[in-house]
Amino acid sequence: MKYNFNDIEAKWQKYWAENQTFKAENHSEKPKYYVLDMFPYPSGAGLHVGHPLGYIASDIYARYKRHKGFNVLHPQGYDSFGLPAEQYAIQTGQHPAITTEQNIKTYRRQLDQIGFSFDWSREVRTSDPKYYKWTQWIFIQLFNSWYNNEANKAEAISELVKIFEAEGNANVNAACDDDVEIFTAEAWANFSEVEQQEILLKYRLTYLAETEVNWCPALGTVLANDEIVNGVSERGGHPVVRKKMTQWSMRISAYAERLLQGLETIDWTDSLKESQRNWIGKSVGASVVFNVKDYNAKIEVFTTRPDTIFGVSFMTLAPEHDLVSQITTAEQKDAVEAYIEATAKRSERDRMADVKNISGVFTGAYAEHPFTKEPIPIWIGDYVLASYGTGAVMAVPCGDQRDYDFARHFDISIPNIIEGADISEEAFADKEKTIIANSDFINGMNYKKATKRVIYELEQIGQGKGKINYRLRDAVFSRQRYWGEPFPVYYKNGMPQMIADEHLPITLPEVEKYLPTETGEPPLGNATVWAWHSIENRVVSNELIDNETVFPLELNTMPGWAGSSQYFNRYMDPHNDEAIFSKEAIDYWQQVDLYIGGSEHATGHLLYSRFWQKFMFDKGYVGHDEFAKKLINQGMILGTSAFVYRIEGENKFVSKGLVGDLKVQTIHADVSFVNSSDELDVEAFKNWRVEFKDAEFILEDGVYKVGRDVEKMSKSKFNVVNPDNICAQYGADSLRLYEMFLGPLEQYKPWNTAGITGVHSFIKRLWKLFYNDNGLKITDAEPTKDNLKTLHKTIKKVEEDIENFSFNTSVSTFMIAVNELTAQKCTSKAILEPLLILISPYAPHIAEELWNALGNEDSISTASFPIFEEKHLVESSKNYPISFNGKMRFTMELPLDMSKNDIEKAVLANEKTQEQLQGRTPKKVIVVPGKIVNIVG
RNA sequence: ACAGAGAUGAUGUAACGGGAAAACAUGCCUGACUUAGAAUCAGGUUUCUGUGGGUUCGAAUCCCACUCUCUGUACCA
């Protein structure tokens, strides 16, 4: 019988769907295991062979865990809000919901044909109102919470109000805005409602704040830093200005320390944890307050080196610093303003990239040293960033290279306060080797002692304190887009009001245009039915807005990461309309046991999700404050692009070998026109685009050879390989095996379709172990010793490999096993049946088919993983390599239970040994039983 | 600049906690079968583990230095 993979795969995919084979129950006698993939954004381009890599790996693991007796949750869904659908809508007027629906259909079809064991009954889509109801709900939860630094957790805002009513805010230690004023209980009672709301907003975990954004007036939108190149928009090259906008922010900074500490408790890759650590950017030091001479002003700086405070010879403020305009003297005014203007024109990225040019201007003002009272000149310089610390630094040129360079450049003095340091060429920045000198009460102390003492003294005189600074900024949560979650928020007297939980979801309104309005409002500003009726509790026409009972709704939408920050928990109970998930469901599934996805989400999705999880933990909704125990990053699959060479100015293409010194344009050719010998199908290429129709081709040896290069797989590089074609030609099992066989999961690796014939013929050889031309050839024959050895060797290796996520090596193990069993002419059911279970996580369709052919009624996924027995691998003898001075010369078969001494004697007695020694006496004989014999001399 | 990962035949890669370097595939070559293509079968094919040094009886593996590649972050005070 022939192996007809197309029929077999369709048959079993249908069987799994109809029987809901992989549906997980929220209770079971079995232990639970939760395997999760990062859900995809359903783009219009569909899947290419790079996308399923992680899904195949997680699917193998999920299927393996089922064989191992676990109740496995392995869900899948779609991160279906996002920019591409919106941009398509702007261009075509097509509603993003429609495009998204179509794209999801394509994705589902493509995923289905690869044979994943997803529990599709739990599918979620972030753009589905039933789903985003709960995204809105979490937003409200965050709004109604504040972070209590004493308890080190989020608490209800109503508790905070109680404290304010009882004693004011003097004793409240909260993560809040910096500009909160101290008030008493009486004062609180006397504030108007709006004033109270304003104060509370400074404490809430999500809050409205003025944020600086990159505003592009021509595009009418806010741009991310990445979207700006050389000060103009990447799209269209329009000018971009910094503009303040009121936007929602998430107080993730409140969780900085816990996000950092939590990394110690999870099994994620070191590089990913390191990325998050850098992103959080903890630095320990002190805040120091400098009084400005002749002004009633103070400058607060953050420093990690308070021990060097006696080395301060100037201060630098960021050009954007609030004080600059106040303290600049009349003489310096023009220079300072010119400098500020020049800096404002440069993007932050430009400023950061340009490290060599030292620039700055003296303000004319002086600060006063907190201890010596000496005057310190105040400069501004663009190497100081407004967004980090306080936007001001105390400059210690002898101990910091940037300060040193700055001082040198502007001829500012460089006092040396480090004992024995040579600062004639560069600063001495090694704090571990620092001994302080010329520094009053800290002379002779090391860095640690001096730091402690300086902080103590600063506190005594009220000029500073110990402080920990984090780089992590609060996350802006507003987007001026259409295709995202609407906020459950309306505005009354300018203050945001949350819509009560029972009226959620607030669904996206219809709009005529998906662009910002002419007045620069976000796309939702185009909606005509987008006002909240606070009595009827429903969305009504804007015409009814009276600001008494009907109020305007929020026009921004939520960012892409909103929907993905709790989806892993929603899978546990995805159809629950009463709660985001039931307590039973979360208590049962707890957290993700294995999460697989790309490393590009290291500081986005993976950080925000940890933040929301910690918040949900504080509120008692979840039992773990980390959502994923173990995380693996799959590497990217790269495409092999093909290039043709067009002679400049002519419509002639030369074959790669003939390019030589010719001036040519290198053009991407679609890889589907190129065969495995790098030869171009010239006719197909000509028909590809009109401009190539009449092109001439200069061939070498009768063919046109293309150039090759490995690049990211992408539609624009024409190097995309579609899994549909692979499945049609070789089958899903071959695709799955080949993707794993390419190399280690975490590694970046190029795709080369030609290699798939190796795994494909392996599958055919597996089939031939079961079938010949006459049909099934399996017998009940007693397995031979060799059969058992092959099987158990394979069980052992495959089990180890899966546990270590080394899927590539188990594929070669399978090949070895099938090669050996074929050579042994094995037909024994007792061997081949367990072999099928081993292979089934990797190649589930053929495994089901053969399993069924052996007379099994249930799906192979219900079978138990075979148990390894050591006894079948025990050997009685070993073919010892005999080395002389480390070089292997010949081998000798010796019993494994032979003693060291006897082995030595036997080896020395061998005539080949004597031949090698040529009469010399060996100095030493190393015998490692079971491994090797090495003769030295 | 810093951090992380990595470098093995023509190619993808393998080698438990030092113990026979290249398993498993791809490619290429020869032969068989076939009208041809595809498929199948039999056989063959290369290297000395990025560079330099160290530890060791023995190093791809451990240590030190360097070179290069990829990824992330970047004037972080």
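In what follows, chains are A, B, ... by sequence order, proteins preceding strands, each numbered from 1.
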Going by an N to O cut-off under 4.0 Å, is there a salt bridge joining A:Glu820 and A:Lys789?
no
Using a 4.0 Å heavy-atom cut-off, does A:Phe741 contact any base of the nucleic acid, only the sugar-phosphate backbone, or nothing at all?
base
Which part of the nucleic acid does A:Lys768 contact within heavy-atom distance under 4.0 Å: base, sugar-phosphate only, or nothing?
sugar-phosphate
Report which part of the nucleic acid A:Glu800 touches: base, sugar-phosphate, or nothing (heavy-atom distance under 4.0 Å, all strands).
nothing
Can you measure A:Ile637 atom CD1 to B:rU11 atom C1' for me and round it to whole angstrom units?
16 Å
Can you check the A:Leu606 CG to B:rG72 C1' distance for me, whole Å?
13 Å
Whether A:Asn633 side chain and A:Gly597 backbone form a donor-acceptor pair below 3.5 Å
yes
Return the nearest nucleotide to the side chain of A:Leu742; candidates are B:rG12, B:rA3, B:rU26.
B:rG12
Specify the separation, in whole Å, of atom CE of A:Met815 and atom P of B:rA14.
14 Å
At under 4.0 Å between heavy atoms, what does A:Ser812 touch on the DNA or RNA strands: base, sugar-phosphate, or nothing?
base
Whole Å only: how far is the OH atom of A:Tyr880 from the P atom of B:rA20?
13 Å
Classify A:Asp403 by what it touches in the nucleic acid, base, sugar-phosphate, or nothing, heavy-atom distance under 4.0 Å.
nothing
Spacing of A:Glu274 atom CD relative to B:rA74 atom C1', expressed in whole Å
14 Å
In whole angstrom, give me the gap between the P atoms of B:rA21 and B:rC64.
26 Å
Return the pairing partner of B:rA65 with a 3.5 Å limit on both distances, Watson-Crick or G-U wobble; otherwise return none.
B:rU51
Is there a side-chain polar atom (N or O) of A:Ser283 under 4.0 Å from OP1 or OP2 of B:rA77?
yes
How long is the line joining CG of A:Leu737 and P of B:rU13, in whole Å?
17 Å
Under 4.0 Å, counting only non-hydrogen atoms across every strand here, what does A:Arg765 touch: a base, just sugar-phosphate, or nothing?
sugar-phosphate
Roughly how far apart, to the nearest Å, are B:rU26 and B:rA14 at atom C1'?
15 Å
A:Asp405: which of A:His409, A:Arg408, A:Gln401 passes side chain to side chain contact (heavy atoms under 4.5 Å, CB included):
A:Gln401
With rounding to whole Å, what would you report as the distance between B:rU56 and B:rA74 at their C1' atoms?
42 Å
At under 4.0 Å between heavy atoms, what does A:Ile926 touch on the DNA or RNA strands: base, sugar-phosphate, or nothing?
base
Taken to the nearest whole Å, CZ/A:Phe807 to P/B:rC24 is 22 Å
At 4.0 Å (heavy atoms only), tell me whether A:Asn934 reaches a base, stays on the sugar-phosphate, or touches nothing.
base
Counting just side-chain N and O atoms, does A:Arg277 come under 4.0 Å of either OP1 or OP2 of B:rU73?
no
Between B:rC76, B:rG72, B:rU73, which one does the side chain of A:Trp279 approach most closely?
B:rU73
Expected label for B:rG9 (glycosidic angle, syn inside 90° of 0, else anti) would be syn
Short side-chain N/O contact from A:Asn819 to OP1 or OP2 of B:rA25, under 4.0 Å
yes
Within this structure, what is the OH-to-C1' distance between A:Tyr748 and B:rU71, rounded to whole angstrom?
6 Å
With a non-hydrogen cut-off below 4.0 angstrom, is A:Thr757 in contact with a base, only sugar-phosphate, or nothing?
sugar-phosphate
Need one value for A:Ser761: base, sugar-phosphate or nothing, where a base atom within 4.0 Å counts as base even if backbone is also close, heavy atoms only.
sugar-phosphate
Taking only N and O in the side chain of A:Gln747, is any of them less than 4.0 Å away from OP1 or OP2 of B:rA5?
no
Please figure out whether A:Asn879 or A:Pro744 has its closest RNA chain B nucleotide nearer the 5' end.
A:Pro744
Could you let me know what B:rG12 is paired to, Watson-Crick or G-U wobble, both distances under 3.5 Å, or none if it's on its own?
B:rC24
